[in-house]
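Presented below is the structure to which this report refers.
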Amino acid sequence: MPNPRPQRRSNGRAATRVSGERSRERILDAAERLLAERGYAAAGIAAISKASGLPASSIYWFFESKQDLTAAVVERSADRWMTELTASAEDGSADPLASLLERAFAQSGGALPDFLRLAILLSLELEDPDIRERLTALRARGMALIEEALAGVLEDQGAPAARRLARRLAPLASAFVEGALVANELDPGRIEMARLTEDIEVAVRAVAAHRLEGRRR
């Protein structure tokens, strides 16, 4: 009769892994909620421990520091946001850039998403190269979405080297979007987000036309 103990050990490891994943998610949920409610400075490890119902030692088991935990919150939240943004990408729009901008502003309600606010705070005050690299990778994902939309527009227009031009323009478009969200955060209601979407689209198209014209000379 086969020995069942190896199977029990395997099940035990699986159960431990699942329990660990659940604990990590509880910590991230609590941290995300407190960071949104109190801000980075006021959301300490002790408060996150209390809100998650797990001891501080558990938090430090999964995360090296509060900065590491916050970066993980940013990554998870940004991943959810980008997943939702791309889920409705196939809307049949003739202008993928305008559609992307409209969906991005509509999804955020014209406000600075919590994950982007935290990412900006971390970027300004951190010197940890690992966390900076993680935040840079997240921003690159956002720019990749813009780049894809730009490439679609330029290819439809028959622009030469459309992909390469889209790659050069993506940081500009990203800066426009991020700047608009920050500006609206500082002075709510002053900016008409619907009109701004059109203006950003026009501005990016104008720069693209300028670059193409420069190549023809």
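Each residue takes its place number in the sequence, starting with 1.
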- Between L100 and E148, is any pair of side-chain heavy atoms under 4.5 Å apart? no
- Spacing of CG belonging to L169 relative to CZ belonging to F176, to within rounding of 0.5 Å: 10.0 Å
- Query: Do other residues, nucleotides or ligands put more than 12 heavy atoms under 6.0 Å from E185 CD?
  - Reply: yes
- Item | Sidechain-backbone polar pair: S77 side chain, V73 backbone, donor-acceptor under 3.5 Å | no
- Task: Would you confirm whether R103, through its side chain, and L85, through its main-chain N or O, come within 3.5 Å as a donor-acceptor pair?
- Result: yes
- Residues R80, E84: salt bridge by 4.0 Å N-O rule: no
- Message: Working note: L69 + L28, criterion side chain to side chain contact (heavy atoms under 4.5 Å, CB included); need CA distance, chi angles, decisive distance, verdict.
- Response: CA-CA 7 Å; L69 170 56; L28 286 170; 3.9 Å; yes
- Task: State, with a plain yes or no, whether a side-chain heavy atom of E37 is found less than 4.5 Å away from one of L34.
- Result: yes
- Charged N to carboxylate O under 4.0 angstrom, R22 versus D29? no
- For L135 against A119, the heavy-atom pair lying closest together: CD1-O, 3.9 Å
- Task: Working to the nearest 0.5 Å, report the span between CG of D199 and CG of L101.
- Result: 11.0 Å
- Message: Any non-hydrogen side-chain atom of V153 less than 4.5 Å from a side-chain atom of R205?
- Response: yes
- Heavy-atom pair with the smallest gap, counting every atom of A71 and R134: CB-NH2, 3.6 Å
- Euclidean distance, R164 CZ relative to L154 CG, rounded to 0.5 Å: 12.5 Å
- Is it true that R132 and D128 make a salt bridge, defined as a side-chain N closer than 4.0 Å to a carboxylate O? no
- Query: Out of curiosity, does L150 fall in the hydrophobic cluster containing V202 (side-chain heavy atoms, cut-off under 4.5 Å, transitive links)?
  - Reply: no
- Contact summary for A72 and R24, nearest pair of heavy atoms: CB-NH2, 4.1 Å
- Note on the structure: Correct closest heavy-atom pair for L165 and R211 would be CD1-CB, 3.9 Å
- Can you tell me how far the CG atom of D79 sits from the CZ atom of F115, to the nearest 0.5 Å? 10.0 Å
- Item | pair I200-F105: side-chain heavy atoms closer than 4.5 Å | yes
- Message: I want to check something: taking the side chain as every heavy atom from C-beta on, are R33 and D114 in contact at a cut-off of under 4.5 Å?
- Response: no
- Note on the structure: A173 and I146 have their tightest heavy-atom pair at CB-CG2, 3.5 Å
- Query: Between the main-chain N or O of I48 and the side-chain N or O of S52, is there a donor-acceptor pair closer than 3.5 Å?
  - Reply: yes
- Message: Return the CG to CD distance between L145 and E147, rounded to the nearest 0.5 Å.
- Response: 10.0 Å
- Spell out, as yes or no, whether a donor-acceptor pair under 3.5 Å connects the side chain of E102 to the backbone of T197. no
- Message: Show the nearest heavy-atom pair for residues W81 and P113, with the distance to one decimal.
- Response: NE1-CG, 4.2 Å
- Task: Consider only side-chain heavy atoms of I, L, V, M, F, W and Y, link residues closer than 4.5 Å, and tell whether M143 and L172 are in one cluster.
- Result: no
- Query: Are any non-hydrogen side-chain atoms of K66 and T70 less than 4.5 angstrom apart?
  - Reply: yes
- Message: side chain to side chain contact (heavy atoms under 4.5 Å, CB included) for Y40 and L122? Distances and angles first, verdict last.
- Response: CA-CA 9 Å; Y40 178 75; L122 285 177; 4.1 Å; yes
- Query: Can you tell me how far CD1 of I131 sits from CD of E75, rounded to the nearest 0.5 angstrom?
  - Reply: 9.0 Å
